[in-house]
Amino acid sequence: MLKLFNTLTRRKEKFVPIEPGKVRMYVCGMTVYDLCHLGHARVLVVFDVIVRHLRALGYEVTYVRNITDIDDKIILRARKNGETIESLTERYIAAMHEDADALGVLRPDFEPRATESMDDILKMIGELLDKGYAYQGENGDIYYSVSRFEHYGQLSGKKLEDLRAGARVDVDEDKRDSLDFVLWKAAKPGEPAWPSPWGEGRPGWHIECSAMSTECLGAHFDIHGGGMDLQFPHHENEIAQSEAATGEHFVNYWIHNGFVQVDKEKMSKSLGNFFTVREVLARYQPEEVRYFILASHYRSPLNYSDDNLDKARGALQRLYTALRGSSPDAGAGPVAEYVERFDAAMNDDFNTPEALAVLFDLARAINRARDAGDPQLDALVATLRQLGGRLGLLQSDPDVYLRGETSDGDDSDDAIIDDLVAQRQAARERRDWAEADRIRDLLAGQGIELEDTAEGTRWRRI
RNA sequence: GGCUGAGUGGCAGAGUGGUUAUGCAGCGGCCUGCAAAGCCGUGGACCUCGGUUCGACUCCGGGCUCAGCCUCCA
């Protein structure tokens, strides 16, 4: 029985899908005006693992992750670069897909874009106007009237009065209430615009997600996710828009992941303390980044540091070392005891650190079985691979992983290493320990560690 | 100021009303030409003050500290 923490109720709840056996899930994706940073990577990986787990439980999942490809920052950036909005967004969409693929993130079933969803957006704004939840200001913008929506604040636990009291928003004369937000922005000269019954313009940020999710998944669906920072106002506004427009309950379970931090501070564009996925992948293997993300619970803060990435590397080396030397498809079935523990961890609000602990217990059991010549070895190895796969980990060939280089790794060439290892082996055979140790130290200086085993000498990059 | 969430051993990071998380690092041993990897063993923790309880790191209340949201943000 899967339990998950629902932001709406701030409690862990049993997951019951609207339609038995099926899950409809929407996650807020990226605004494509720059490269993905580690914060984006966390959203991608966390919800990827959630989808994988739901599928492993047998649910037929429809996973939608949108792309925001029109907004103020995109317009500004394109203008600054002297390029069209389309060329800018296409480039960063491609970059995002590369990053996501590298991290082993499965593609969503649908990836709608705001600019391709104008009909749905206009339709929903029209409904909100018809029902009196929206109004047009003097400047032509259409606003959502927050005070008309009875449950405003339910997701973020805020009251309208508190929000007004603490408001840091500039007072906009055009709005009836400072908390009202834009549904449709009237175009100013030179701005990209789409035709609408209320004049040329572009959608506000919040309406696109309401429109796209409703279009792809219906007015009422199971799970809506995104980063913590979207809880307010973005998701609050989505609820207000969707429920007002459709008259139906919008989403049953809201899932929000915690932030990536640097020096105990949120990693963000505005603070400038971010690391792009590419920067990190230049120094660490993609799987190490993925492990780093999953080593913390998805709702906890995740502190970025080289030390923590190094620990992820060390941890994966241990797991892959356990897998080494065993045939990948030995045909042995998984060992129920471990699968059950893994499932229990994942069913408890996607507790990936606990699930990883099961993997390490499995690694120890494998090493032990190997030493003892236990016939259960193949089954244990198969189990570790299978459970690792449930997290999108441990699917590489162990030797390839252990010898793996990062994209700006050292220049040492595998053939040269193999040659030195052979020379050292020859020295060892003539019991020339001094020469053998000299070669070993030489390689160690390049980050190559040797292991002498009964089957010969193995090497890996550390 | 309002509203959230968090404070665990050297580090990272789970969890639990009374019993080993896990990984890295440390220490002792086995193995090894020596190492490495692996195995066996081992030390070390629950911010603070009250309360509830036979018993709390775990529940409740106060305090302190940190982070986040209230403005674009994953």
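Lettering of chains follows the sequences in order, A, B, ..., and the numbering in each one begins at 1. No hydrogens, no waters, no symmetry mates; every other heavy atom, side chains included, goes into these values.
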Pairs under 3.5 angstrom, nitrogen or oxygen only, protein versus nucleotides 38-43 of chain B, please.
from, atom 1, to, atom 2, distance (Å)
G38(B), OP1, R318(A), NH1, 3.3
G38(B), O3', N367(A), ND2, 2.9
G38(B), O2', D371(A), OD2, 3.3
C39(B), OP1, R318(A), NH2, 3.2
C39(B), OP1, N367(A), ND2, 3.2
C39(B), OP2, R318(A), NH1, 3.3
C40(B), OP1, R368(A), NE, 2.6
C40(B), OP1, R368(A), NH2, 2.3
C40(B), OP2, R364(A), NE, 3.4

Measure the distance from [atom1] on [X] to [atom2] on [N] and round it to the nearest whole Å.
X	N	atom1	atom2	result
L393(A)	U22(B)	CG	P	20 Å
N273(A)	A67(B)	CG	C1'	13 Å
R458(A)	U32(B)	CZ	P	16 Å
E354(A)	U20(B)	CD	C1'	12 Å
I462(A)	A35(B)	CD1	P	17 Å
F342(A)	A21(B)	CZ	P	22 Å
I70(A)	C72(B)	CD1	P	17 Å
R428(A)	A36(B)	CZ	C1'	11 Å

Pairwise N/O distances under 3.5 Å, protein to nucleotides 7-11 of chain B:
from, atom 1, to, atom 2, distance (Å)
C11(B), O2', K311(A), NZ, 2.6
C11(B), O2, K311(A), NZ, 3.0

With sugar-phosphate meaning primed atoms plus P, OP1 and OP2, does [X] contact a base, only sugar-phosphate, or nothing at under 4.0 Å between heavy atoms?
X	result
H297(A)	sugar-phosphate
D71(A)	nothing
G29(A)	sugar-phosphate
S268(A)	base
L450(A)	base
V358(A)	nothing
F259(A)	base
R431(A)	nothing
E449(A)	sugar-phosphate
K269(A)	nothing
G39(A)	base
R10(A)	sugar-phosphate
T453(A)	nothing
D361(A)	sugar-phosphate

Checklist outcome for this item: Regarding the side chain of F232(A), the nearest nucleotide among A74(B), C70(B), C34(B) is C70(B)
Item to check | Side chain of P353(A) - closest among U22(B), G13(B), G33(B) | outcome: G13(B)
Does [N] have a Watson-Crick or wobble mate here (both distances under 3.5 Å), and if so which one?
N	answer
G43(B)	none
C54(B)	G18(B)
A6(B)	U65(B)

Between [N] and [M], how far is it from one [atom1] atom to the other, in whole Å?
N	M	atom1	result
C49(B)	C54(B)	C1'	23 Å
G15(B)	C60(B)	P	16 Å
C59(B)	A6(B)	P	10 Å
C27(B)	G43(B)	P	16 Å

Item to check | 5' priority, RNA chain B, between L302(A) and L271(A) [closest heavy atom] | outcome: L302(A)
Item to check | Most 5' of P301(A) and V43(A) on RNA chain B, judged by nearest nucleotide | outcome: P301(A)
Checklist outcome for this item: salt bridge (Lys or Arg N to Asp or Glu O under 4.0 Å) test vs R202(A) passes for just one of D72(A), D71(A), D141(A), namely D72(A)
Item to check | Parallel, tilted or perpendicular, as decided by the 30° and 60° cut-offs, for the rings of W254(A) and H224(A) | outcome: parallel
Checklist entry - Do the rings of H206(A) and F181(A) sit parallel, tilted or perpendicular, given the 30° and 60° boundaries? => result perpendicular
Can you tell me if [X] and [Y] form a side-chain donor-acceptor pair at under 3.5 Å?
X	Y	value
Y298(A)	D349(A)	yes
D343(A)	H53(A)	no
D419(A)	Q423(A)	yes

Checklist entry - Does C72(B) have OP1 or OP2 sitting under 4.0 Å from an N or O in the side chain of S270(A)? => result no
Next on the checklist: Among residues 145-153 of chain A, which ones have heavy-atom contacts with RNA chain B below 4.0 Å?
Outcome noted: none
Checklist entry - Should the pair K12(A) and F5(A) be classed as cation-pi, given the thresholds of under 6.0 Å to the six-membered ring centre and 45° from the axis? => result no
Item to check | Lys/Arg cation over aromatic F292(A): K311(A), 6.0 Å, 45° cone | outcome: no
Next on the checklist: Evaluate D399(A) against R458(A) for salt bridge (Lys or Arg N to Asp or Glu O under 4.0 Å), listing each step before the verdict.
Outcome noted: CA-CA 9 Å; D399(A) 289 312; R458(A) 280 197 285 234; 5.4 Å; no
Check: [X] side chain, [N] base, donor-acceptor under 3.5 Å:
X	N	result
D162(A)	G1(B)	no
K158(A)	C69(B)	yes
R42(A)	A74(B)	no

Note: [X]-[Y] ion pair, threshold 4.0 Å (strictly below):
X	Y	answer
R430(A)	E435(A)	no
R176(A)	D180(A)	no
E236(A)	K159(A)	no

Checklist entry - What distance separates L88(A) CG from E90(A) CD, expressed to the nearest 0.5 Å? => result 10.0 Å
Checklist entry - Looking only at heavy atoms, what is the nearest atom pair of R24(A) and L217(A), with distance? => result NE-O, 2.9 Å
Item to check | Audit row: F250(A), F221(A), ring pair (Phe, Tyr, Trp, His ring centres under 6.0 Å) steps and yes/no | outcome: CA-CA 7 Å; F250(A) 183 39; F221(A) 56 94; 5.2 Å; yes
